[in-house]
Amino acid sequence: MSPYSAFLKTFPEYATTGLLDELRARDYARLDATQQVYLDFTGGGLYAESQLVDHYKLLSENVFGNPHSHNPTSQAMTCLVDQARAFVLEYFNAPPGDYAAIFTQNASSALKLVAEAYPFYPGDHYLLTFDNHNSVNGIREYARHKGAEFTYVPVVAPELRLDEAALARGLALARPGAHNLFAFPAQSNFSGVQHPLELIARAHDLGWDVLLDAAAFAPSNRLDLARWQPDFVPLSFYKMFGYPTGLGCLLARRSALEKLKRPWYAGGTITISSVQGDGYFLIPGEGGFEDGTVNYLGIPAVEIGLRYLQNIGVEMIHTRVACLAGWLIQELNAMQHANGQALIRLHGPANLEARGGTVTASFFDPNGAQFDDGRIEELANHAGISLRTGCFCNPGAGEVAHGLTRVVMRHFFQGKALSFQELRQEMRAQFGREVSAVRMSVGLASNFADVQAMLTFAAGLLDHTAEEIGGCQASTETLCSVNRDSA
Ligand SMILES: Cc1ncc(COP(=O)(O)O)c(C=O)c1O
């Protein structure tokens, strides 16, 4: 039986996602034309060519001015920004009376809006999961500086799901009448784990405001904000549909927004301000959070991208991603060196229950020595495969995955500042441990051939020793194969 037949036999629902093959041929033809195997959808989504065409058409056929004015070109732009904002809410089924959509630069700047304005005081609490992106971890520094406490809820290897007992203890820490903020990702950008959205209501009932990081979840899962009602939802649009970059969003419950105390005001966020009157009034709702001029020419492209996803149906994308991730995990897990030693150790769930299309693993040789991740990336680069290595800005999940304890990690924060490469080297030298892994992630434009290319590449490591494969050699090497031929 051919690998594809075996795949279809294991994942028959893949056959229902044929539309995505048509789109791959039409809207993502550049992947095959340039022989790129793109497995970094958790890093960034890919845009469809038609999104660019639609955006270009809009820009080339209209004249748009800064939406802060009242002239015709400005009003035309204001209409499109308002329309895109309304469509963002519609896409996430967020009742406009309950939720505001604040345009930001990316998920991180959406998180920073919350971080700097959440009214942390001594006695307040910030609860967060080990499994979080650094931009969520960074909020703890605001909590710390304002005298609030913070507590981390660990995840448990190898599946890297939440430690239920620690979670229950953490959730019990909310003090009545205090400001309590609980942050977790709907989907891990490290392991692909999808943490239960039921946690939102559970935390609310115990007195927490809830920040749900949807950056890695939204690209291939439905987030229905009429059903789930987190207070703050940061996301980046390029992760969902590739283009435009530089635009994200904070979806915020209007009631939660009222609690935030912005530390400053800027052009665009106020009704009036005065130098001599020494005062200002913030615009209520989203307007009070969008500093300066928004990315107004880019914002209509958000609506174009969201409509593109809506026309496909996120359930189909979800099915496709699940089938491809399932096959990748199954086949990688089955790979063994001739002596029976497994090629990989998966960091995350091996089944498809409550997990997305992010697959992270460490690779081992026949003697159980770990291959250098940097070298794997380097070899993958030469095979035209874009994957990612490192800790993916999610140190907490990585520390648990690699068995690194608080004592070990504290050790690296006593002295001089280190780069990630230096941390890797020191960790190896002093503790014989790794801090880095290999991440492969699939998305809307992925197909069976992409996953098969990765499996062929991985099979090429079989029966080689880590010594033979060697360490990452060309840290200065840059693969810069951009096709600039516009003729
Ligand atoms: C789960 C998660 N949260 C937040 C972010 C931050 O997104 P951005 O870099 O677009 O601000 C990322 C980016 O990878 C992510 O995966």
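Start at 1 with the first residue, then count along the sequence. When a ligand or atom number is given, it counts from 1 through the structure's own listing order.
Using cut-offs of 30° and 60° on the angle between ring planes, the pair Tyr118 and Phe232 is perpendicular. Between Tyr91 and Phe87, the angle of the ring planes lies from 30° to 60°, which puts this pair in the tilted group. Using cut-offs of 30° and 60° for the angle between ring planes, the Trp208 and His125 rings count as perpendicular.
Shown here are the salt bridge (Lys or Arg N to Asp or Glu O under 4.0 Å) partners of Asp291, two or more places apart in sequence or in another chain: Arg262.
Defined by atom type and a distance below 3.5 Å, a donor-acceptor pair is present between the side-chain atoms of Tyr308 and Asp27.
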Would you tabulate the polar-atom pairs, meaning N/O of ligand 1 against N/O of the protein, with distances under 3.5 Å, reported to 0.1 Å?
unit_1	atom_1	unit_2	atom_2	d
ligand 1	3 (N)	Asp213	OD1	3.3
ligand 1	3 (N)	Asp213	OD2	2.6
ligand 1	10 (O)	Ser236	OG	2.6
ligand 1	10 (O)	Tyr238	OH	2.6
ligand 1	11 (O)	Ala107	N	3.4
ligand 1	11 (O)	Ser108	N	2.8
ligand 1	11 (O)	Ser108	OG	2.6
ligand 1	14 (O)	Lys239	NZ	2.7

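Under the side chain to side chain donor-acceptor pair (under 3.5 Å) rule, Asp209 has a single partner from His179, Arg253, His204, Lys259, which is Lys259.
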